[in-house]
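Notes follow once the structure below has been shown.
Only this structure's heavy atoms are used, side chains among them; waters, hydrogens and symmetry mates stay out. Residue numbering restarts at 1 for every chain, and letters A, B, ... go by the order of the sequence lines.
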Amino acid sequence: MPPLGPPDQETLDLITKRGVAQIIPEAEFAARLQEGKPLRLKMGFDPSRPDLHLGHVVGLRKLRQLQDLGHELILIVGDWTAQIGDPSGQSDTRTMLGADDVKANAETYMRQFFKVVDPDKTRAVYQSEWFGKFTLADVIRLTSRFTINQFLHRDDFAQRYRDHRPIAVTEMLYPLLQAYDSVAIEADVEFGGTDQLFNLLVGRELQEKMGQRPQIVFTMPILPGTDGVRRMGKSLGNYIAIEDTPRDMFGKIMSLPDGVIRLYYELLTDASDERLDEIGAAEGPRRMDDKKRLGQEIVARFHTFAEADAARAEFERVFQEREAPAEVPEFAISTEIPGVLTLHEEYATVDMPRLLVSMGAAISRSQSRRDIMMRAVRVNGALLTEEKASIAYGSIVRVGRMFIRRLIVGE
RNA sequence: GGAGGGAUGGGAGAGCGGCUAAAUCCAUCAGACUGUAAAUCUGACGCCCUCAGGGCUACGCAGGUUCGAAUCCUGCUCCCUCCA
């Protein structure tokens, strides 16, 4: 590893300005980068939710940039905090994950994680390394360092308190545990979304109280999900997963409201500031082209360039030209399949609503009927209006935009 | 320990004896349009059937009152707030 030199101004700007919400205190962060030794970068991870999406990638890219300067990432596997649940989420009671589940989830997580972050400069540690040994006395000592008043200032708590909505005692513990993690690993910088600000600051304060150099707090903007409004999150169903197929990843990006494209470029790519301004100002077809390029770039990062190009071509073909995709999944029919009435030499007579359920196009016959009534079902491009139909083998059945299958004869 | 409030469809949230498969909003799905799986507009949105009609389930759980209950009563379970 080359000796750590201070970053040049350009790199420093990229790290501290681009896709950053707040660095506290900023001057000190710059100073620490000049110290010439690897900083310990801290990032937490909730092992009950091992699926990474683009919202996480914003932070991971930042970590990567710093790793490339020689700094070291310490990933905290939050096997204890996961049981509490972060207050910023909906307050659902969590069940305790078994050690095996945690481990399996952690592995899944790492597989995705290292698509962005450098594994050679990453160390994963489990909270149970220190909390496993914690005694009640330790807990009391820890809690005694803060007041309820401080915690009630946290936005989320303040709001709920004002609205007379519940705040669980354990929720108070969450920031404390997270803060103690920083002490345990002697973190130099902790990263999180802007919603994490409070927790990160508690860590900073606790370190100071315990005689350590307080960590820098580094927050990043929250990436909106595919609805363009709410934060990207698995529970909200508006996420683009790192492991989505190229087709889905591209499609989901195309389904983003136009208004957030610029932000996506800003938080997820290295596009120059000039380019960002262009994107913000683009109108008409150019806007769409920017969106397609974004899709390609992101698909390429998590898959390959070839797949990215293919995803774009496929999208244009299927959704713009309204043609059948290059590869249509097949569905084999036989008399065993509900909805198939009789098989003839070259065609089959079918009960369409029932067949569509068998094919997975709809969850119930009622739903299928509605689809047919709403003119959403086509066979080889021709609108299907009757429930009883004769369909030639090899026909392409399409329901809406997304569902498409070729019928073949199977055993 | 005391007082009070609540549990309704994927979510939020109306309804408070029949006109309620249950307003409205969000989400979802479809159609039109288009420059996209953008935006906008329109429509659908429990399940089943021999389907312009019919049937069966459904408003925390279990009973009850009633010709009829998400709506009233009783008992349970769970949740929340406030006061101490």
Cation-pi check for [Y] against [X]: NZ or CZ below 6.0 Å from the six-membered ring centre and within 45 degrees of the axis, yes or no?
X        : Y        : result
A/Arg405 : A/Phe403 : yes
A/Arg32  : A/Phe29  : no
A/Arg406 : A/Phe331 : no

Take atom [atom1] in [N] and the same atom in [M], then report the distance between them in whole Å.
N     : M     : atom1 : value
B/G11 : B/C16 : P     : 23 Å
B/G31 : B/A14 : P     : 35 Å
B/A12 : B/C49 : P     : 32 Å
B/C67 : B/C72 : C1'   : 16 Å
B/U50 : B/G55 : P     : 16 Å
B/G10 : B/C47 : P     : 11 Å

Write down the distance between [atom1] ([X]) and [atom2] ([N]), rounded to a whole number of angstrom.
X        : N     : atom1 : atom2 : value
A/Leu236 : B/C26 : CG    : P     : 17 Å
A/Asn238 : B/G11 : CG    : C1'   : 13 Å
A/Arg354 : B/C47 : CZ    : P     : 15 Å
A/Gln367 : B/C48 : CD    : P     : 10 Å
A/Tyr161 : B/C82 : OH    : C1'   : 10 Å
A/Leu356 : B/C29 : CG    : P     : 17 Å
A/Arg165 : B/C79 : CZ    : C1'   : 15 Å
A/Arg370 : B/U28 : CZ    : C1'   : 12 Å

Quick one: salt bridge (Lys or Arg N to Asp or Glu O under 4.0 Å) partners of [X], sequence neighbours excluded?
X        : answer
A/Arg262 : A/Asp277
A/Arg365 : A/Asp351
A/Asp181 : none
A/Asp244 : A/Lys252

Tell me, please, which residues at least two apart from A/Arg293 pass side-chain hydrogen bond (donor to acceptor under 3.5 Å, both in side chains).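 By the side-chain hydrogen bond (donor to acceptor under 3.5 Å, both in side chains) rule, A/Arg293 matches A/Asp289.
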Give each protein N/O atom lying under 3.5 Å from an N/O atom of nucleotides 2-7 of chain B, with the pair distance.
none

RNA chain B: A/Asp371 or A/Ser366, which has the more 5' nearest nucleotide?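 So the residue in question is A/Asp371.
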Looking at residues at least two apart in the chain, or sitting in another chain, which of them share a side-chain contact (heavy atoms from CB on, under 4.5 Å) with A/Arg40?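 So A/Arg40 forms a side-chain contact (heavy atoms from CB on, under 4.5 Å) with A/Glu72, A/Ile74, A/Arg123, A/Glu186, A/Asp188.
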Pairing residues for A/Tyr393 by the side-chain contact (heavy atoms from CB on, under 4.5 Å) criterion, not counting sequence neighbours: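 A/Tyr393 satisfies side-chain contact (heavy atoms from CB on, under 4.5 Å) with A/Ile333, A/Leu343, A/Ala348, A/Val409 once adjacent residues are dropped.
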Give none if [N] has no partner; otherwise give the nucleotide forming a Watson-Crick or G-U wobble pair with it, both distances under 3.5 Å.
N     : result
B/A22 : none
B/A7  : B/U77
B/A38 : none
B/U71 : none
B/U28 : B/A44
B/U65 : none

Keeping to residues at least two apart or across chains, list the ring-ring contact (aromatic ring centres under 6.0 Å, His included) pairs with something in residues 232-258 of chain A. A/Phe250-A/Phe315
Which pairs count as ring-ring contact (aromatic ring centres under 6.0 Å, His included) when at least one residue sits in residues 337-377 of chain A, sequence neighbours excluded?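 As it turns out, the ring-ring contact (aromatic ring centres under 6.0 Å, His included) pairs with a partner in residues 337-377 of chain A, which skip direct neighbours, are A/His344-A/Tyr347.
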Sugar-phosphate only, base, or nothing, as touched by A/Ser364 at under 4.0 Å among non-hydrogen atoms: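 Answer is sugar-phosphate: A/Ser364 comes under 4.0 Å of backbone atoms only.
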Pairs under 3.5 Å (N/O, protein and nucleotides 40-42 of chain B):
none

For nucleotides 31-39 of chain B, read 5' to 3', which letter fits each nucleotide if B means a protein heavy atom sits under 4.0 Å from the base, S means only the sugar-phosphate is that close, and - means neither? S---BBBB-
Is the closest side-chain donor-acceptor distance between A/Gln215 and A/Arg204 under 3.5 Å? no
